[in-house]
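Only one structure is covered here, and it is reproduced in the block below.
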Amino acid sequence: MTRIGTAELRDAVLDDGTFVSWDTAPLAIPTSESYARELADAREASGADESVLTGEGRINGRRVAVIASDFDFLAGSIGVAAAERITAAIGRATAERLPLLASPSSGGTRMQEGTVAFLQMVKIAAAVELHKRAHLPYLVYLRHPTTGGVFASWGSLGHVTLAEPGALVGFLGPRVYEQLYGAPFPAGVQTAENLQAHGVIDGVIPPKWLRRVCTRALKVMLDDPGPPPPAPPAEPLPDVPAWDSVLASRRPDRPGVGFLLRHGATERVFLSGTGSIGHSATILLALARFCGQPAVVLGQLRGADRLTDPVALRDARRGMALAAGLRLPLVLAIDTPGPALSVEAEQGGLAAQIAACLAELVTLEVPTVSVLLGQGSGGPALAMVPADRVLAALHGWLAPLPPEGASAIVFRDTRHAPELSAAQGIRSADLAAHGIVDVVVPEHPDAADEPIEFAKRMSQAIAVELHGLRGVPAEQRMAARLQRYRRIGLPNLAEPDVVQ
């Protein structure tokens, strides 16, 4: 396929005439006579002085630092001089508090410099990590081809990682694989599209869309929140039997988190998970703004067959880490029929992933809002509950097991599911009475009957909570969250100490 050069990338993503180079003469390093000739030939053939260019420009007026590989210079390979240029540019972006767009196109480490070049990936990775620890965005756009140590370092550390259509992206270059093992690498594996399908990267977009996606992502990551939205008008809630809510939550046409984002949020950037594939995926991850309030969104995808497995919970933990790293609030949408009960789930550490989600979410330093959109069955639902504020749709519910499972345990049949759903206090009104839910968002009479209106109503309620939480000092918010979950289920007179 035709490779995208650095000039084409620059023109596609940056405002016209805004690019300013940060490059100085490449660091002089000892070279052999043959390598010196290769460098001279590369400079003449490419018109570049090294395999990377660095600088800054503007995307819709916003200053952004840029690092881009030039594949025409020794296949974009990284030696000591190129690595020093990259590391210096990342450090400057961090010092000037600029978001960073990196676009590798490289065969990896420069073989002419051997192990010394190989070790350069360490300092590049360190510089990227320090940039991210400064809570600054790091966006990656992988161009054809990106392989080897470049993909295994600064090419795989993005908050958001995108790639061009059809790009060869992989760790071991196919030519090296064939020479080592005497057979071609399996076709279709090392493609951008396949890696997106397996959750390794977040998206595949042509260069002409990159500017638009970067603009949306940076608006969520960096722009101040909008003014506080008006609170939804208070209205009396009907006394709905728990079993009616269970049945309503299972309607196949009920709006889920994807619908909520498309009809109730702006600046949406959908991200991939870490391994869920196609229809079997159970987690949605995105950046978005609700009525001007920015957030990382982590939601369980609807479907009777979308049982939550360990991979999905690792996806959830990525969302938590992304929110913490960018200092963005986290919105969690709960809508799961329950955990995957399988050999693979057990051997994959399902219980351990639930525990890790619980521990990380309840102690997450950023503001958190959980939303019971529909079914809240079992450990995977619990793993996404313990937030600063919890909203529930009228027909949202939360239970240790689906009511049929509780009936099977207590009565050794499933016929008593309606009775158990009432007795266990799983409906939104009962959850609110026990202090588990803070706000119940109405349905008229069912979200499936008024999906767009419901999505807008729920989004407004989420925005109100996000704005309110931003005004609470972090220590006070964390103390209140820990006390809240310490007190659930205790008698009203009990006053447990706040967990320090």
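Remember, it's a predicted structure, so these values are computed and weren't measured experimentally.
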Does the side-chain contact (heavy atoms from CB on, under 4.5 Å) test come out yes or no for Phe270 and Arg262, once each step is laid out?
CA-CA 10 Å; Phe270 291 98; Arg262 288 183 174 90; 4.3 Å; yes
Check the pair Leu139 / Leu218 against side-chain contact (heavy atoms from CB on, under 4.5 Å), numbers first and verdict last.
CA-CA 9 Å; Leu139 311 179; Leu218 293 174; 4.1 Å; yes
Between Gln293 and Val369, is a side-chain contact (heavy atoms from CB on, under 4.5 Å) present by the stated rule, with each step listed?
CA-CA 12 Å; Gln293 309 301 308; Val369 175; over 6 Å; no
Between Arg327 and Glu365, does the salt bridge (Lys or Arg N to Asp or Glu O under 4.0 Å) criterion hold? Intermediate values first, please.
CA-CA 8 Å; Arg327 285 186 175 171; Glu365 294 182 354; over 6 Å; no
From CA spacing to verdict: side-chain contact (heavy atoms from CB on, under 4.5 Å), Leu364, Arg481:
CA-CA 10 Å; Leu364 202 65; Arg481 186 195 303 162; 4.2 Å; yes
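Under the 3.5 Å distance criterion, with hydrogens and angles disregarded, a donor-acceptor pair is assigned to the side chains of Arg317 and Gln353. Donor-acceptor pairing under 3.5 Å is recorded for the side chains of Thr94 and His131. Side chain to side chain, Thr368 and Asp388 meet the donor-acceptor criterion of an N or O pair below 3.5 Å. Defined by atom type and a distance below 3.5 Å, a donor-acceptor pair is present between the side-chain atoms of Ser103 and Arg143.
Between Thr161 and Ser156 there is no side-chain heavy-atom pair separated by less than 4.5 Å. Side-chain atoms of Leu210 and Leu9, non-hydrogen and from C-beta on, do get closer than 4.5 Å to each other. Looking only at side-chain heavy atoms (C-beta outward), Val464 and Pro228 stay at 4.5 Å or farther from each other. With contacts defined as side-chain heavy-atom distances shorter than 4.5 Å, the pair Val220/Arg216 does not qualify. When side chains are defined from C-beta on, His395 does not count as touching Arg251, because their heavy atoms never get closer than 4.5 Å. Taking 4.5 Å as the limit, some side-chain heavy atom of Pro339 sits within range of a side-chain heavy atom of Pro380. By the 4.5 Å heavy-atom criterion applied to side chains, Tyr141 and Cys214 are not counted as neighbours. The side-chain heavy atoms of Leu271 and Leu322, taken from C-beta on, include a pair separated by under 4.5 Å.
Remark: side-chain polar atoms of Ser105 are paired, donor with acceptor, to backbone N or O of His144 under 3.5 angstrom. Under the 3.5 Å distance criterion, the side-chain polar atoms of Arg477 are left unmatched by any main-chain donor or acceptor of Gly471. For the pair Thr282 (side chain) and Thr308 (backbone), a donor-acceptor distance under 3.5 Å is absent. Judged purely by atom type and a 3.5 angstrom limit, Lys219 has no side-chain atom pairing as donor or acceptor with the backbone of Arg289. Side-chain N or O atoms of Ser370 include none that pairs as donor or acceptor with a backbone N or O of Val390 at under 3.5 Å. Looking at His135, its side chain never comes within 3.5 Å of a backbone N or O of Leu326 through a donor-acceptor pair. Listed for the Arg92 side chain is no donor-acceptor partner under 3.5 Å among the backbone atoms of Gly55. Not a single donor-acceptor pair under 3.5 Å links the side chain of Thr54 to the backbone N or O of Ile67. In terms of modelled atom types and a separation under 3.5 Å, the side chain of Gln120 and the main chain of Ala83 share no donor-acceptor contact. Thr18 contributes a side-chain N or O that, together with a main-chain N or O of Arg58, makes up a donor-acceptor pair within less than 3.5 Å.
Applying the 6.0 Å contact sphere to CZ of Phe171 captures no more than 12 heavy atoms from other residues, nucleotides or ligands. Taking a 6.0 Å sphere around CH2 of Trp209, one finds it holds 12 or fewer heavy atoms contributed by other residues, nucleotides or ligands. Heavy atoms of other residues, nucleotides or ligands lying less than 6.0 angstrom from NZ of Lys456 number 12 at most. Atom CD of Glu235 has more than 12 neighbouring heavy atoms from other residues, nucleotides or ligands inside a 6.0 Å radius.
Salt-bridge formation is not detected for the pair Arg457/Glu443: no Lys NZ or Arg NE/NH1/NH2 atom is positioned less than 4.0 Å from an Asp or Glu carboxylate oxygen. Here Asp15 pairs with Arg211 in a salt bridge; the nearest charged N to carboxylate O distance falls below 4.0 Å. A salt bridge is defined here as a Lys NZ or Arg NE, NH1 or NH2 lying under 4.0 Å from an Asp or Glu carboxylate O, and Arg470 with Asp224 fails to meet this definition. A salt bridge links Arg427 with Asp239: at least one charged nitrogen is closer than 4.0 Å to a carboxylate oxygen.
Residues Leu361 and Ala383 share a closest heavy-atom pair of CD2-O, 3.5 Å. In this structure, Leu466 and Ala295 approach most closely via the heavy-atom pair CD1-CB, 4.2 Å. Residue Gln300 comes nearest to Thr336 through the heavy atom pair OE1-CG2, 3.4 Å, listed as atom of the first residue, atom of the second, then distance. Scanning both residues, Arg254 and Gly374, for their nearest heavy atoms gives NE-CA, 4.0 Å. Nearest heavy-atom pair across Ser249 and Gln375 is OG-CG, 3.3 Å. The shortest non-hydrogen separation linking Ser106 to Ile78 is OG-CG1, 4.4 Å.
With values rounded to the nearest 0.5 angstrom, Leu142 atom CG is found 8.5 Å from Leu195 atom CG. In this structure, the separation between CD1 on Ile334 and CG on Leu382 is 8.5 Å, given to the nearest 0.5 Å. Rounded to the nearest 0.5 angstrom, Leu53 CG and Ser69 OG are separated by 8.5 Å. Note that NE2 of His467 and CZ of Phe290 are 16.0 Å apart. Values are rounded to the nearest 0.5 Å. Put simply, CG on Asp449 and CZ on Phe454 are 12.0 Å apart, with the number rounded to the nearest 0.5 Å. Separating the CG atom in Asp335 from the CZ atom in Arg306 is a distance of 11.0 Å, to the nearest 0.5 Å.
With sequence neighbours excluded, no residue forms a ring pair (Phe, Tyr, Trp, His ring centres under 6.0 Å) with Phe19.
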